[in-house]
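Since the structure comes first, as structure tokens, the remarks are kept for the end.
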2 protein chains.
Amino acid sequence: MSGNVNGPQSGSSRAELPVIDVGVVHERSDAARNRLRVLAAAERLFATRGAAGVTMDEVAAQAGVGKGTLYRRFGDKGGLAVALLDEREMELQARVLGGQPPLGPGALAADRLVAFVAAYLELVAAQLDLVLMSETSAPGARSRTGAHAFWGQHVRLLLSEAGVGDVDLRADVLLAALAAEQVRHWLDEDQRDLERVGSALAGVALALAQP
Amino acid sequence: MSGNVNGPQSGSSRAELPVIDVGVVHERSDAARNRLRVLAAAERLFATRGAAGVTMDEVAAQAGVGKGTLYRRFGDKGGLAVALLDEREMELQARVLGGQPPLGPGALAADRLVAFVAAYLELVAAQLDLVLMSETSAPGARSRTGAHAFWGQHVRLLLSEAGVGDVDLRADVLLAALAAEQVRHWLDEDQRDLERVGSALAGVALALAQP
DNA sequence: ACATGAAGCGGACTCTAGTCCGATTCACTC
DNA sequence: GAGTGAATCGGACTAGAGTCCGCTTCATGT
């Protein structure tokens with residue numbers, strides 16, 4: 001995602017490329033203070049009792065802030081999760097854009113794709129309930145996150161480098177396989193271990209990258 | 001799904017094969033009457049204002065039934081959607097199990113797979129908001145429906161007939177691509193037409209069926 | 001410093017999903 | 001056809017997400 005937790009409402013500019021994008025106009029000092037308080041409180045509460053088990057009232061109370069403030073800034077529960085995921089996600093974005101191959105530039109598209117799948121799967125699994133909330137709190141939430149835009153772009157690029165047709169749709173298919181809900185299903189209900197899911201998905205990625 | 005809308009609570013038996021499964025013990029006459037009333041009312045309301053725009057209170061009121069009755073029988077809003085989808089879904093199930101090739105038995109696995117994708121996509125698209133509700137009303141709802149079990153079984157069978165490895169996971173990937181939320185995204189947000197999505201997904205299915 | 005208007009704040013309020021349990025109705029027996 | 005136990009009914013109740021709008025606080029120009 002793109003760190004744009006600052007602007008009054010997120011998701012305003014459609015065409016925005018998911019890159020840095022700092023403090024839109026000028027964040028008022030009380031707003032900044034409250035933003036930090038909320039993030040800290042949310043992180044603490046989510047870590048303790050799981051994202052799903054925490055109410056927005058609790059976050060607001062714990063942060064010493066009104067509910068209106070919470071919603072003004074983060075939009076909804078999913079937006080709060082997105083904000084918390086920001087940091088980790090940006091780290092992976094950096095590794096993809098400028099890190100070592102095969103994740104970063106310089107390797108074959110197919111190899112980069114496999115590396116991406118493994119890395120992204122790991123990230124999702126490590127923050128499962130946060131990602132789950134960010135993707136399912138509202139219908140259609142998944143495609144609205146800046147993160148999704150970024151990874152979609154990346155996968156489309158790699159697929160077109162590999163020369164397949166239907167690049168857009170295939171990228172969506174691959175990302176759907178990496179959706180939090182799906183990953184949770186494999187890990188929790190099917191009791192698969194992360195390793196095996198990862199290698200099976202690598203196979204899927206390669207199959208999809210075949211012209 | 002399997003027409004097991006009768007039993008006090010659905011989703012009790014895990015190992016159930018998604019086949020016929022008629023009236024569990026003995027449906028009381030008032031229960032039967034109310035079930036029909038509820039289904040009729042829900043169908044009417046959903047058709048008029050869309051599944052998402054109708055509250056459970058309205059369904060109950062329109063059916064002349066208490067809310068407790070609604071929830072006792074259908075579990076939650078998703079369960080109500082599942083019950084309404086039942087009929088159409090069973091029709092497709094019949095065509096898959098015993099209809100003409102390539103959808104029914106007798107064709108090559110790859111051809112059956114492509115036919116299934118097209119038919120299922122069409123069904124989802126035709127009942128989009130109902131399927132959406134059945135899959136997203138509760139977290140994990142998608143994998144709990146009998147329908148999902150049935151189609152999963154079918155796809156796994158075809159994939160293993162085609163000789164691929166990772167049959168289970170690949171089946172899940174293919175079905176994830178056919179999830180209501182994903183289909184809605186392609187149709188509504190990306191403004192693609194059903195034809196093109198169908199043929200692109202046929203390509204995906206074939207790629208996944210490649211060993 | 002002070003005025004001023006815009007941005008931000010917060011908590012009461014609404015809306016809806018889902019639960020609970022006393023009252024009711026049913027199927028079955030004698 | 002009255003008795004009986006269990007399944008079913010239904011509406012009041014709870015809980016949590018998200019909205020609304022009058023009040024407060026900030027940044028800026030004078």
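First the proteins, then the strands, lettered A, B, ... as listed; each starts at 1. FYI, side chains are in, hydrogens and waters are out, and symmetry mates aren't considered; it's all heavy atoms of this structure.
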query: Base, sugar-phosphate, or nothing for A:Ser29, non-hydrogen atoms under 4.0 angstrom?
result: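 Sugar-phosphate contact only.
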message: Regarding B:Thr69, tell me which of base, sugar-phosphate or nothing describes its non-hydrogen contacts under 4.0 Å with the strands shown.
response: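 Since a base atom lies under 4.0 Å of B:Thr69, the category is base.
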Between A:Glu189 and B:Ser143: side-chain donor-acceptor atoms closer than 3.5 Å: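 Result is yes, a qualifying pair exists.
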Less than 4.0 angstrom between a side-chain N/O of [X] and OP1 or OP2 of [N], yes or no?
{"X": "B:Arg73", "N": "D:dC9", "result": "yes"}
{"X": "A:Asn34", "N": "C:dG8", "result": "no"}
{"X": "B:Arg35", "N": "D:dT8", "result": "no"}

Salt bridge present between B:Arg112 and B:Glu161 (N-O < 4.0 angstrom):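 No salt bridge links B:Arg112 with B:Glu161.
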message: Looking at A:Glu91 and A:Arg88, is there a salt bridge between them, counting it only when a charged N and a carboxylate O are closer than 4.0 Å?
response: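 Not counted as a salt bridge, because no side-chain N and carboxylate O are separated by less than 4.0 Å.
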Rounding to an integer number of Å, can you tell me how far [X] [atom1] sits from [N] [atom2]?
{"X": "A:Tyr71", "N": "C:dA12", "atom1": "OH", "atom2": "P", "value": "16 Å"}
{"X": "A:Arg72", "N": "D:dC23", "atom1": "CZ", "atom2": "P", "value": "17 Å"}
{"X": "A:Asp30", "N": "D:dA27", "atom1": "CG", "atom2": "P", "value": "7 Å"}
{"X": "B:Met56", "N": "C:dT19", "atom1": "CE", "atom2": "P", "value": "10 Å"}
{"X": "B:Leu70", "N": "C:dC20", "atom1": "CG", "atom2": "P", "value": "17 Å"}
{"X": "B:Asp76", "N": "C:dA17", "atom1": "CG", "atom2": "C1'", "value": "9 Å"}

message: Assuming nearest nucleotide by heavy-atom distance, tell me which of A:Gly66 and B:Val54 is located more 5' along DNA chain C.
response: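 Closer to the 5' end of DNA chain C: A:Gly66.
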message: On DNA chain C, does the nearest nucleotide to B:Arg33 precede the nearest nucleotide to B:Lys67 from the 5' side, or the other way round? Give the residue.
response: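 The residue closer to the strand's 5' end, by nearest nucleotide, is B:Lys67.
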- prompt: Of A:Leu80, A:Val82, A:Leu84, A:Val59, which meets side-chain contact (heavy atoms from CB on, under 4.5 Å) against A:Phe74?
  reply: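 Of A:Leu80, A:Val82, A:Leu84, A:Val59, side-chain contact (heavy atoms from CB on, under 4.5 Å) with A:Phe74 is met by A:Leu80 alone.
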Step-by-step side chain to side chain contact (heavy atoms under 4.5 Å, CB included) determination, B:Trp151 to B:Glu89: CA-CA 10 Å; B:Trp151 302 121; B:Glu89 201 122 337; 3.1 Å; yes
query: Out of C:dG10, C:dA17, C:dG8, which nucleotide sits closest to the side chain of A:Val65?
result: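 Taking heavy atoms from C-beta onward, the closest nucleotide is C:dG10.
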Upstream residue (5' side of DNA chain D) when B:Arg37 and B:Asp57 are each assigned their closest nucleotide: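 Taking each residue's closest nucleotide, the earlier one in sequence belongs to B:Arg37.
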field: Under 3.5 Å donor-acceptor pair, A:Lys77 side-chain atoms to D:dG18 base atoms
entry: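 Side chain to base: no pair present.
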Distance-only donor-acceptor test (3.5 Å): side chain A:Arg28, base D:dA27: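 Flag unset: no donor-acceptor pair detected.
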